[in-house]
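The structure appears below as structure tokens.
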Amino acid sequence: MAKLSYAKALNRALRDELTRDESVCVLGEDVGAGMAQLTLGLQAQFGPGRVMDTPISEQAFTSLATGAALCGMRPVIEFQIPSLLFLVLEQIANQAHKFPLMTGGQVAVPVTYVVPGSGSREGWAGQHSDHPYSIYAHVGVTTVVPAMPSDAYGLLVSAIRSDDPTVVFAPAGAMGVREDVTRDLVPVPIGRARIHRAGTDVTCVAVGHLVHEALAAAGELAGEVSVEVFDPRTVYPFDWPALADSLERTGRLVVMDDSNRSCGLAGEVLASAAEGMRLIAPPARVTRPDGSVLPFALGLDRAVQPARAALVSAIRSVMK
Amino acid sequence: MAKLSYAKALNRALRDELTRDESVCVLGEDVGAGMAQLTLGLQAQFGPGRVMDTPISEQAFTSLATGAALCGMRPVIEFQIPSLLFLVLEQIANQAHKFPLMTGGQVAVPVTYVVPGSGSREGWAGQHSDHPYSIYAHVGVTTVVPAMPSDAYGLLVSAIRSDDPTVVFAPAGAMGVREDVTRDLVPVPIGRARIHRAGTDVTCVAVGHLVHEALAAAGELAGEVSVEVFDPRTVYPFDWPALADSLERTGRLVVMDDSNRSCGLAGEVLASAAEGMRLIAPPARVTRPDGSVLPFALGLDRAVQPARAALVSAIRSVMK
Amino acid sequence: MTRSLNTPAELYGRMRLIREFEETALRLVKSGDIVGGIHPYIGEEAVAVGVCAALADDDLITSTHRGHGHVLAKGADPARMLAELAGRTTGLNAGRGGSMHAADVGLGILGANAIVGAAAPIAAGAAWASQRARSGRVVVTFFGDGGLNQGVLLETMNLASLWKLPVIFVCENNGYATTMPISTGLAGSAVARAQGFGIPGETVDGMDAVDIRSAAAAAVERARAGAGPSFLECLTYRFGPHHTMEQRIRLSYRPAEEVERWRLRDPLVIQAARITPQEREEADARAAAILAAAREFALASPHPDPADALDYLYASGMRGRGGEG
Amino acid sequence: MTRSLNTPAELYGRMRLIREFEETALRLVKSGDIVGGIHPYIGEEAVAVGVCAALADDDLITSTHRGHGHVLAKGADPARMLAELAGRTTGLNAGRGGSMHAADVGLGILGANAIVGAAAPIAAGAAWASQRARSGRVVVTFFGDGGLNQGVLLETMNLASLWKLPVIFVCENNGYATTMPISTGLAGSAVARAQGFGIPGETVDGMDAVDIRSAAAAAVERARAGAGPSFLECLTYRFGPHHTMEQRIRLSYRPAEEVERWRLRDPLVIQAARITPQEREEADARAAAILAAAREFALASPHPDPADALDYLYASGMRGRGGEG
Ligand SMILES: Cc1ncc(C[n+]2csc(CCOP(=O)(O)OP(=O)(O)O)c2C)c(N)n1
Ligand SMILES: Cc1ncc(C[n+]2csc(CCOP(=O)(O)OP(=O)(O)O)c2C)c(N)n1
Ligand SMILES: [Mg+2]
Ligand SMILES: [Mg+2]
């Protein structure tokens, strides 16, 4: 089989689900044109009734999807910009997420929200460079951040099939990744981590596109430190048993996370490890700084993002 | 001096700042009537031009305050419901917060956002019972959660005087607290913790109304465990040096936080302690469960909130 | 309780039921059996009943914080509704929702909503599903005059109009958003605003259930014919407080004469004039009996077990971590 | 560059400057000196220039993702603007904002904004401050036809109308929101929508700077007189792509004849017809010289030091923790 690109994997997942299930439909800005690649060619194949362009009214169409889901549809929404996930927090966290409990189990809200290109896009500046998955993990909405094309495929499929609202953050830094796909593409279970590289000294948890940085760092350090690269794939619910297992082996933890530091996912991983897992050295994390706003100039933009060099030195430091 | 209630303290702070500084003004729903106590009597004193009732358009008036702040005003906004802080996340996190950096330092955005009655109000159910300060700590907006009337006064004053956007979460569970105020009410510096009770065995960090639970738990345990009750007062920026100090003394940490567990403030405190402070036992936290939605029935509502009994057993467990 | 709302007596009977329900609920708020208070619907009964009288059983509604009337008008069981307000397992939402979230999806009641304006796009989504399924189901979204200033509702009007969704926007203009009179809150007019989005709008007497029913029927017909959304502004008034907590905190934002003037136009009195005294007495007695039984049912029902606090949190059955230890 | 925009030649000159700026910027996008691309304003210059010609120096504007024209029309230095797009310390925002956030607060330019509709309430807030200070300053908020569907902008129309704020809503209707034609995106009409909020509205030829200036002048007068907001819909067209990335991903959503038809109505050609050939040549030469110098200035300016990445994050000077270690 050929190299599969991440963007293509998402597109194929969506196509497969649209084919499989009549109740799946797509809503978003410029999805007809397939501007963000996610929906390329889908409107031509499935028609504008199932792949529907929307006006710039994110709040309304997000809750419109909720209403449609209450009536048996399984909408998939594309958001053009990661910060739109700030704009629709009310609609997802306070409406869609709360409906099952508040109705005493009368309903499910099977909506999937996809952000193709989350995080820095280099040069898109302050309002287009967020990567707000930690907020969704906090409110408790199912949230996945695939790193690999096969996982992007498999997690998008699972998200669409899930009966709960699910956010798929596809990092801008991963959209170009290609993978040799030798097996059939299959659904990937939500909430299950994947170890990309086994190691015995340090568990390195990395999220989304940073998995590739972690793999590179592990390669760099080979011979010096044996690094286990742990990709949670789902950031909520997190695969705590798998992390505990890994730490049983390594006892040391470094997390690389493209969120702001305070109350971000890396902090959660450190906290969970500290309160109940095996740690033989203080853990460390490499994140965006507190309260980050990405400045426009490229050198500044990059300076604010977690970097491989910092990861390497964090790994070394937990080995001391 | 008489007993000062928390609600009265907030009201007095606002009155004092309106008196002191012509550029301070108040915007919000039903602020004229003073329905939430915060603004009681202020419209009569300062007129409807400075204490202005708004239509139910939170997003617009939140950014309207930003625009006014860019032109020299210092607006204070009251939000009637904690979940409105979901609704205006775009306006605060993606606009107000980002303006200083994005303009290269051309502007400041001195707006204060007050939520009088955050957290459970008992019987207000799923959409009115959030306490979303961890989200604001994550995005890096200055965020205070006072526990005591004197701190409510002093932090609201400091918030209004701050040149940065600042959120004041006044917990519903604290609004009725009264304090013997023997000294003049003074501004309280943002970012400075307060130790309410010194102890040598365990540092108990508690936020907002839970400070009172922590004090009660410490009292219960007196003789058995010496508990230091640490009130951060500001949740962002957190007073890390004070926490490190306290842990130098105790080496043990329990955090009580009325946020959802994942990526909440308690996790951040555990993580920060684990990565760089003195810990002689694994730390513990008492929080809302992951992804909580508060059910309506009172017994369920309470079951989802962090409870004193759980705190007591967490303190005992870190002593083992 | 009969489901149909055809005869004048049936309209009256349902309004009386709602009134009786609210009065019972107010007593239970006072006694502490209903925690958190309610937003009473008293005075506005004609809107819910008139509109729902124009709907078929499988049509849908979304409701508001002031939602009891809508939910009962669409046919919910008053006993299970009252049990919901009292937080019991027998409640419509198993005690998880309370006053502001009452729902009975099987009856087309997609739920009250505690966030102003938030239900409108949900209704539009249900209407979109109906349109796609060619089910002919129409969706009504109720909201207040204050809701007209919430962005998401305005965005929704555009979508509904563009896509000709079978949704009816019913604005209950009771003259106030909490303490704010509409004159200081709404620029332009409600109907002009809808028209600005290409939605035909009409203002009706919100105290007259029959008038409302005929306006709603025309809107329903339009929607079923595929001609898209309509907007109905119902001029009404709440006779009581915005919320029961007002009784504690004493606000004065409405002149007493204004309240008195509106009370003279009590929708129940208006509708009572259209039926015989005997019909009226029977309806009154029936409502009283239903509510007495409902009260008994609700208060005898079990409280949910705190151990089940997070039941239903995820439809997939997923369980997160607890908050302790 | 002269600040004044009074004579026909000055109007032409500023439009030419903007056109030249955009063409220079496009070349710098291609060369990689401008990272992240731009939303070119070419074809729409008459709107920015016509509107700003009606403003006084201390009036204010807010702008959009397609903001270069607005910022330059209000008087920003093209050299510092270009340096901003190239991410240099000499840029208007010290290289921190880039194309979508360019601001020069001293000139009343409160900033471009990358979120559709988001600047409107900020403009209203500035107008409110002006009203309270009785400064007589008027605020213009520019936005696109797509922006008319964003809730916060609609909410803002209500506030502005209610409070009679000195703010002017200028809708640049270029017929498309990215790939979505306005016919499928906007129900009702732009002007009717404004009127629904009680705001008087008018549609003008967005290719004619003189027409726009007189419509804007009337709105400014209304605002200064305390009569409240106005709405101006300018019918215009972007000659190029939505964003420069479109050149990579090839979209086809506009018929070629449509583009050609609009190109015949080039606002520069329309305005050129009102001045002498000599005036035109002089203006062209001046614009070319200014941009050549601007380019040189921008590219010779220093890149910011990565160590300063979080400068200006907090106005209070606060510093959070870094992301490492
Ligand atoms: C978005 C939002 N803002 C504020 C509130 C608080 N609140 C609850 S009801 C209400 C007034 C609603 O007025 P209106 O829409 O006219 O309905 P009415 O209460 O008159 O029936 C307000 C402000 C809320 N629930 N949601
Ligand atoms: C709230 C929001 N949604 C989506 C986007 C992505 N986006 C950027 S420009 C644009 C189209 C804007 O159309 P219009 O308002 O007509 O302005 P134009 O680009 O035509 O000048 C979109 C959808 C955004 N920036 N903000
Ligand atoms: Mg009302
Ligand atoms: Mg446009």
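Here is how names work: the chains are called A, B, and so on, in the same order as the sequence lines, proteins then strands, and each is numbered from 1.
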Handout entry: Greatest number of heavy atom pairs closer than 4.5 Å to chain C - which of B/Val254, B/Thr287, B/Val286, B/Ile56
Key =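 It is B/Ile56.
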
Practice task
Name the member of B/Ser292, B/Gly299, B/Ser57 that forms the most heavy-atom pairs with chain C at distances under 4.5 Å.
Solution key: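 Winner by heavy-atom pair count: B/Ser57.
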
What parts of [range] touch chain B if we use heavy atoms and a cut-off under 4.5 Å?
range                       : value
residues 236-243 of chain C : C/His243
residues 312-321 of chain C : C/Leu313, C/Tyr314, C/Gly320, C/Arg321
residues 145-158 of chain C : C/Gly146, C/Asn149, C/Gln150

Handout entry: Between C/His39 and C/Ser99: side-chain donor-acceptor atoms closer than 3.5 Å
Key =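 No, no side-chain donor-acceptor pair sits under 3.5 Å.
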
Review item, side-chain donor-acceptor pairs of residues 311-320 of chain B, under 3.5 Å, at least two apart:
{"unit_1": "B/Ser313", "atom_1": "OG", "unit_2": "B/Ala310", "atom_2": "O", "d": "3.3"}
{"unit_1": "B/Arg316", "atom_1": "NE", "unit_2": "B/Glu224", "atom_2": "OE1", "d": "3.4"}
{"unit_1": "B/Arg316", "atom_1": "NE", "unit_2": "B/Glu224", "atom_2": "OE2", "d": "2.6"}
{"unit_1": "B/Arg316", "atom_1": "NH2", "unit_2": "B/Glu224", "atom_2": "OE1", "d": "2.9"}
{"unit_1": "B/Ser317", "atom_1": "OG", "unit_2": "B/Ala314", "atom_2": "O", "d": "2.9"}

Heavy-atom contact with chain C under 4.5 Å, split by part of [X]:
X        : value
B/Arg288 : backbone
B/Leu87  : side chain
B/Met35  : both
B/Ala33  : both

With a sphere of 6.0 Å drawn around [atom1] of [X], does it hold more than 12 non-hydrogen atoms of other residues, nucleotides or ligands?
X        : atom1 : answer
C/Glu296 : CD    : no
C/Arg295 : CZ    : no
B/Gln37  : CD    : no

Measure the shortest side-chain to side-chain distance between [X] and [Y] over non-hydrogen atoms and say whether it is less than 4.5 angstrom.
X        : Y        : answer
B/Leu42  : B/Val31  : no
B/Met175 : B/Pro116 : yes
B/Asp53  : C/Thr184 : no
B/Leu85  : B/Ile135 : no

Problem - Interchain contact, C/Ile115 with chain B, by part (heavy-atom threshold 4.5 Å) - result: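 Looking at C/Ile115, backbone and side chain both touch chain B.
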
Practice task
Measure distances from C/Asn93 to the heavy atoms of chain B and classify the residue's part below 4.5 Å as side chain, backbone, both or neither.
Solution key: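 Neither; nothing under 4.5 Å.
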
Problem - Pick from C/Glu84, C/His101, C/Met100 with the largest number of heavy-atom pairs that fall under 4.5 Å of chain B - result: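 Looking at each of C/Glu84, C/His101, C/Met100 in turn, C/His101 comes out on top.
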
Practice task
With a 4.5 Å cut-off on heavy-atom pairs, point out which of C/Gly185, C/Gly117, C/Gly95 contacts chain B the most.
Solution key: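 Most heavy-atom pairs within the cutoff with chain B belong to C/Gly95.
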
Problem - C/Glu172/C/Arg66 ion pair, N-O < 4.0 Å - result: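 Result for this pair is no, no salt bridge flagged.
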
Handout entry: Side-chain donor/acceptor of B/Asn11 to backbone N/O of B/Leu40, under 3.5 Å
Key =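 It does hold such a pair.
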
Exercise for the section: Without swapping roles, check the side chain of B/Ser83 against the backbone of B/Gln127 for a donor-acceptor pair under 3.5 Å. Expected result: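 Side chain of B/Ser83 to backbone of B/Gln127: a pair is present.
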
Say you draw a straight line from [atom1] of [X] to [atom2] of [Y]; how long is it, rounded to the nearest 0.5 Å?
X        : Y        : atom1 : atom2 : result
B/Asn260 : B/Asp290 : CG    : CG    : 7.5 Å
B/Arg121 : B/His128 : CZ    : NE2   : 6.5 Å
B/Glu78  : B/Glu58  : CD    : CD    : 11.0 Å
B/His209 : B/Phe169 : NE2   : CZ    : 13.0 Å

Problem - Ring geometry between B/Phe79 and B/Phe61 (parallel below 30°, tilted from 30 to 60°, perpendicular above 60°) - result: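 Parallel.
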
Practice task
Might you work through the side chain to side chain contact (heavy atoms under 4.5 Å, CB included) test for C/Ser63 and C/Ile109, ending with a clear yes or no?
Solution key: CA-CA 8 Å; C/Ser63 171; C/Ile109 303 161; 5.7 Å; no

